[in-house]
Amino acid sequence: MKESLLYPCVNACRSFASLDGMWKMQFDPEQKGTEEKWQNGLPDSFMIPVPSSFADLFTEHEKRDYCGDFWYETKFFMDADSSKRAVLRFCSVTHRCDVYLNGEKIGSHEGGFTPFAIDISDCVRYGERNRLSLRVNNELNAMSIPCGSTSILSDGRKIAKPYFDFFNYSGIQRSVYLLRIPHESIIDYDTEIELSGKDAEIRYRVETDGENEVIAEIFTKDGKKAGERTGKEGTIRIQDARLWDIDDPYLYSVVFRIVKDGQDIDKYPAKLGVRTVRISGNRILLNGKEIYLKGYGKHEDFEVIGRTFNPSLAVRDFELMKWTGANCFRTSHYPYAEEWYQLADEYGFLIIDEVPAVGMMRSLMNFAAAGAGGKDTRFFVSDTVSLLQENHRNALEEMIIRDKNHPSVIAFSIFNEPETTYPEAREYFAPLFDFAKSLDVQKRPLTGALLLNSTPDKCCCYELCDFISLNRYYGWYISGGSDIGEAERMFRREMDAWAEICADKPLIFTEFGADTSAFEHKLPSVMWSQEYQNEYYEMNFRVMDSYDFVCGELVWNFADFQTTEGIMRVNGNKKGIFTRNRQPKDAAYLLRRRWKQ
Ligand code: CKX
């Protein structure tokens with residue numbers, strides 16, 4: 001049985017301690033840690049904050065760009081109470097790790113963006129200090145998601161070569177918790193929602209690891225009971241339900257309890273947003289009403305902290321998104337920290353939740369050579385594909401289990417810009433779409449962001465998507481600058497071709513954007529100037545507005561972000577509507593005018 005991935009909470013039955021703080025760290029470029037048993041104590045460590053993305057903390061190239069094995073160590077005191085289970089929850093360790101407790105290996109995990117948990121009840125030393133060590137590795141290869149490669153320089157140093165366009169931030173990037181939960185406990189739950197007139201039917205299912213009875217209760221915000229039912233599964237009817245919507249993100253509370261002889265054995269509280277998401281013809285419906293998605297592709301990315309979650313920064317991002325009139329974002333290109341989804345539930349934002357399946361092309365120079373050039377590298381025709389698919393499947397499972405109960409999550413994205421132009425790509429993706437559908441009881445729409453050469457005549461995968469998501473760069477990677485008129489004509493030709501397919505399928509844009517320096521102005525415009533970014537968006541909106549099957553526009557990107565260095569990037573990707581430190585470029589005002597209408 002997999003350990004529960006439920007978010008930590010404290011109540012009469014459960015508690016947790018945070019293990020965040022300053023840990024020890026040591027790079028292991030020669031991979032001698034295992035042989036020398038560094039799990040028994042790091043021989044020559046330095047201090048590192050946990051959580052953190054280590055790269056931007058350092059001043060030396062070798063440390064910032066370190067690629068390979070590296071170790072972490074901390075000590076924690078375990079109280080003498082063994083009446084509850086003790087579980088370590090790692091919210092994300094990028095990209096893979098082995099975990100040791102007091103020198104013994106207790107688990108391992110592949111995949112850097114979803115939590116995993118290890119039950120240590122039987123091996124932890126109660127009433128003593130315990131040593132927790134991790135051997136982490138951040139190399140990229142054709143089986144890892146995200147995909148990339150690792151090159152070895154002539155001095156033996158390893159360098160990450162992402163097939164994708166964001167910095168390979170890594171480390172223990174999210175919190176580590178020591179959970180104390182009952183021996184018989186709630187492992188997971190899910191809810192399906194049906195609206196019936198003014199009422200809502202909540203079909204719930206609770207998974208426990210025991211036989212005792214479960215009680216489910218729903219409360220309004222002001223604490224009134226809205227419904228109750230006994231049983232591990234059942235339906236609760238909320239009369240005159242207040243729906244969760246972008247303008248009124250109302251959240252009920254739901255509490256599940258395992259009860260024996262009138263006593264709570266376990267209790268898990270959560271928020272419940274009552275809403276439905278459906279596709280009807282070429283429309284996306286939220287609570288039965290058409291919704292047009294306006295917003296961004298984002299990154300977890302900021303100066304110094306890299307990909308670490310920071311609550312102030314997250315609130316600033318939500319406030320800025322709201323200020324522009326946005327209602328949606330895609331977690332490009334990996335599942336974000338859980339707190340993002342909690343905030344989106346509260347703010348009334350819609351999320352397209354993306355698995356880290358990015359870089360699915362064999363890039364020789366940098367991702368742009370393959371991606372923007374639209375070349376086909378036969379990525380899905382290779383011996384490693386089945387291992388990649390296994391990692392992809394696990395990442396999908398962990399993401400859907402983790403995020404399925406958030407009302408903000410309206411769709412899952414299974415990929416970003418893979419090669420889709422030959423049948424092997426479809427053979428690769430079709431079982432993953434089936435698997436994702438089977439995991440999500442809410443049967444949310446599934447999609448995947450299609451690369452610019454995945455046009456209707458060539459793409460073998462769009463049929464798998466419940467709605468089509470296009471990443472398009474007419475006026476940037478294709479016919480930019482003075483040729484923007486030509487770009488518009490080419491864009492319209494492609495859209496005319498989608499029109500036939502989209503008589504019965506919604507289509508949204510998951511990316512379109514132009515690199516823009518916050519310091520450049522030019523009249524008439526040139527590429528990279530703020531004037532050009534505005535003209536680029538005006539042209540793109542003109543085209544999108546002429547096709548009524550377009551159900552959404554998520555611009556690329558919310559803010560400038562860090563990438564690997566190279567001739568295509570000036571200290572990062574500059575397609576942000578906001579700068580990296582969250583100040584508006586001129587285009588922010590253009591979006592605000594359009595989206596606030
Ligand atoms: N799409 C032609 C994936 C994103 C990149 C974006 C860009 C590309 C474009 C592919 O991760 O940042 O080049 O700006």
Side-chain angles (χ1 to χ4, degrees), residues 113 140 145-148 160-169 296-301 307 329-336 352 354-377 379 413-421 447-455 458-459 469-480 487 490-491 494 508-517 527-528 532-533 536-537 540 553-580 585 587:
F113 300 93
L140 300 168
I145 65 166
C147 304
K161 296 282 175 196
Y163 294 167
F164 49 85
D165 187 34
F166 52 88
F167 193 86
N168 188 34
Y169 284 119
Y296 301 94
K298 278 182 98 318
H299 265 297
E300 286 184 301
D301 174 275
R307 233 176 273 312
F329 65 93
R330 176 172 63 124
T331 67
S332 35
H333 296 304
Y334 37 81
Y336 293 179
I352 299 176
E354 187 159 277
V355 77
V358 55
M360 295 186 148
M361 59 182 71
R362 208 160 275 108
S363 166
L364 297 176
M365 282 158 62
N366 58 32
F367 93 95
K375 285 188 200 119
D376 158 354
T377 67
F379 187 79
S413 166
I414 312 291
F415 56 70
N416 181 73
E417 297 179 340
E419 293 174 352
T420 61
T421 47
T447 192
L450 294 173
L451 180 64
L452 40 76
N453 67 339
S454 299
T455 46
K458 297 206 194 91
C459 179
S469 298
L470 299 184
N471 293 359
R472 288 297 177 269
Y473 288 89
Y474 291 102
W476 187 254
Y477 291 122
I478 298 177
S479 278
M490 290 167 86
F491 192 4
E494 187 185 342
I508 70 163
F509 288 88
T510 30
E511 282 185 26
F512 57 114
D515 282 277
T516 304
S517 157
M527 292 170 84
W528 292 87
Y532 188 75
Q533 193 179 28
Y536 170 92
Y537 278 118
N540 274 265
E553 50 195 54
L554 308 185
V555 305
W556 190 253
N557 186 285
F558 169 72
D560 294 347
F561 60 89
Q562 195 65 59
T563 62
T564 305
E565 55 196 311
I567 52 167
M568 295 284 289
R569 296 290 174 254
V570 188
N571 186 19
N573 185 309
K574 298 286 190 259
K575 295 195 184 69
I577 298 300
F578 294 90
T579 60
R580 201 176 184 211
K585 298 183 192 168

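The chain is numbered in sequence order, starting from 1. All ligand and atom numbering here is 1-based and tracks the order in the structure.
- Within the 4.0 Å heavy-atom shell around ligand 1 one finds Arg569.
- Side chain of Tyr334 to main chain of Ile145: no donor-acceptor pair is present (N/O by atom type, distance under 3.5 Å, no hydrogens or angles).
- Using modelled atom types, no side-chain atom of Tyr163 and backbone atom of Val358 make a donor-acceptor pair closer than 3.5 Å.
- Looking at Trp476 against ligand 1, nothing comes within 4.0 Å, counting heavy atoms.
- When only interatomic distances are considered, the shortest N/O to N/O separation between His299 and ligand 1 does not fall below 3.5 Å.
- Although no hydrogens or angles enter the test, the distance criterion places a donor-acceptor pair under 3.5 Å between the side chain of Lys585 and the main chain of Thr516.
- Heavy-atom proximity to Glu417, at under 4.0 Å, picks out these atoms of ligand 1: 1 (N), 3 (C), 8 (C), 9 (C), 10 (C).
- Under a 3.5 Å cut-off, the side chain of Arg307 and the backbone N or O of Glu300 do form a donor-acceptor pair.
- The proximity of Tyr473 to ligand 1, defined as any non-hydrogen pair under 4.0 Å, is limited to the side chain.
- At a heavy-atom cutoff of 4.0 Å, ligand 1 is contacted by no atom of Val358, backbone or side chain.
- Rounding to the nearest 0.5 angstrom, the gap separating the CG atom in Leu554 from the CD1 atom in Ile508 is 5.0 Å.
- Residue Asn471 places no N or O, backbone or side chain, under 3.5 Å from any N or O of ligand 1.
- Using a 4.0 Å cut-off between heavy atoms, Asp515 makes no contact with ligand 1 at all.
- Looking at Thr564, Asn573, Asn416 one by one, the single match for side-chain hydrogen bond (donor to acceptor under 3.5 Å, both in side chains) with Asp165 turns out to be Asn573.
- Within the 4.0 Å heavy-atom shell around ligand 1 one finds Trp556.
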